[in-house]
There are 2 protein chains.
Amino acid sequence: MTIGQLIKQLRENAGMKQRELAAKLEIGEGFLSKVENDQKLIKRDDLTKISQLFNTKLSELETLWLANKIYNVIKYESNAIDALHVAEEEISYLTKQKK
Amino acid sequence: MTIGQLIKQLRENAGMKQRELAAKLEIGEGFLSKVENDQKLIKRDDLTKISQLFNTKLSELETLWLANKIYNVIKYESNAIDALHVAEEEISYLTKQKK
DNA sequence: ATTACTTGTCCTATTTTGGTCAAATATAAG
DNA sequence: CTTATATTTGACCAAAATAGGACAAGTAAT
């Protein structure tokens, strides 16, 4: 599940048209369409508004949003998976903050 | 192991000073110092030169370089690990290219 | 025929990249 | 200690890339 797919799902489950949601987010509907199809990434600040509108957990939105950012960095890379693992090791290492 | 740590290691194992390596890469030594300490990321093109200079596998350098890029995206994020996993799923999914 | 959605082209303001240089610190040598 | 030599750090910068969008025209669905 990508951030775009989730936004689309939330919107449709609420029976809302793109035009409506776009208006609430103060963006054009063309842009929202691209967001829902993961061709553009929505502004991070707008996640808050979305989480309120659809009463969904902000943290879940943020995780998918961030995943999309990561994905954009590696999508054309043949060693993407290896790099992800290395990055994960580094994060884990620092997160254990051995004083 | 980060890309900076590896570059430093390769250089020291070859008994080379920062000044020398910096000259071969045509960058200042201040910049190289930052690269070795992961405060700056070296240009991707320069990885080729490094792999030739120290006779090391380019793919390994590239993986660490990419890992650093990813790391920079998520380093201050509390849900970094979750996002990494989501991104990995997306890559894996697309890599299986089910026609 | 409308309404809804998608897509392509274009734009500019902000951010990031890749770097310099000088000064500050370490380290080593005499 | 003193002095070279090596490395690190901070402040700054131009150029390149990206973010975040608008808008019009094209498709799809109703």
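Lettering of chains follows the sequences in order, A, B, ..., and the numbering in each one begins at 1.
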Check your understanding: How is A:K40 classified with respect to the nucleic acid when contacts are heavy atoms under 4.0 Å: base, sugar-phosphate, or nothing?
Key -> base
Point to revise | A:Y76-B:I70 co-clustered via ILVMFWY side chain contacts under 4.5 Å | key: no
- Message: One thing to verify: whether B:E36 and B:R11 come together as a salt bridge, which I'm taking to mean a side-chain N less than 4.0 angstrom from a carboxylate O.
- Response: yes
Output for pair (A:I91 CD1, B:I74 CD1), nearest 0.5 Å, gives 4.0 Å
To the nearest angstrom, the CG-P distance between A:L32 and C:dA4 comes to 13 Å
Rounded to whole Å, NZ of B:K69 lies from C1' of C:dT16 at a distance of 8 Å
### Message
Can you confirm whether B:I50 sits close enough to B:L58 that some side-chain heavy atom of one is under 4.5 Å from a side-chain heavy atom of the other?
### Response
no
A:K17 NZ to C:dT6 P, in whole Å, measures 12 Å
B:K43 NZ to C:dG19 C1', in whole Å, measures 9 Å
Span of DNA chain D engaged by chain B, first through last nucleotide within the 4.0 Å heavy-atom cut-off, is D:dA6 to D:dA11
inquiry  = Main chain of B:E88, side chain of B:S92: is a donor-acceptor contact present, judged purely on distance under 3.5 Å?
reply    = yes
Problem set entry | NZ (B:K75) with more than 12 external heavy atoms under 6.0 Å | yes
Whole-Å distance, A:L41 CG to C:dT15 P, equals 15 Å
Note to self: Do the side chains of A:R44 and B:E77 get close enough for a salt bridge, i.e. N-O under 4.0 angstrom?
What the structure shows: yes
Letter by letter from the 5' end, nucleotides 21-30 of chain C scores (B base, S sugar-phosphate only, - none; protein heavy atoms under 4.0 Å) ----------
Between CG of B:L25 and P of C:dG18 the distance, given in whole Å, is 13 Å
To the nearest angstrom, the CD-P distance between A:Q18 and C:dA4 comes to 10 Å
In whole angstroms, the gap separating P of C:dG18 from CG of B:D38 amounts to 14 Å
Result for 5'-nearest mapping on DNA chain C, choosing between B:N72 and B:E26, is B:N72
Side-chain donor-acceptor contact under 3.5 Å, B:D82 with A:T63: no
Discussion item. Using modelled atom types and a 3.5 Å cut-off, is there a donor and acceptor pairing between side-chain atoms of A:W65 and backbone atoms of A:E60?
Written reply: no
Can you confirm whether A:M16 sits close enough to A:K24 that some side-chain heavy atom of one is under 4.5 Å from a side-chain heavy atom of the other? yes
- Task: With heavy atoms under 4.0 Å as the rule, sort A:E29 into base, sugar-phosphate or nothing.
- Result: base
Check: Does CG in A:N55 sit with more than 12 non-hydrogen atoms of other residues, nucleotides or ligands closer than 6.0 Å?
Finding: no
Within residues 5-14 of chain B, those residues having any heavy atom closer than 4.0 Å to DNA chain D are B:K8, B:R11
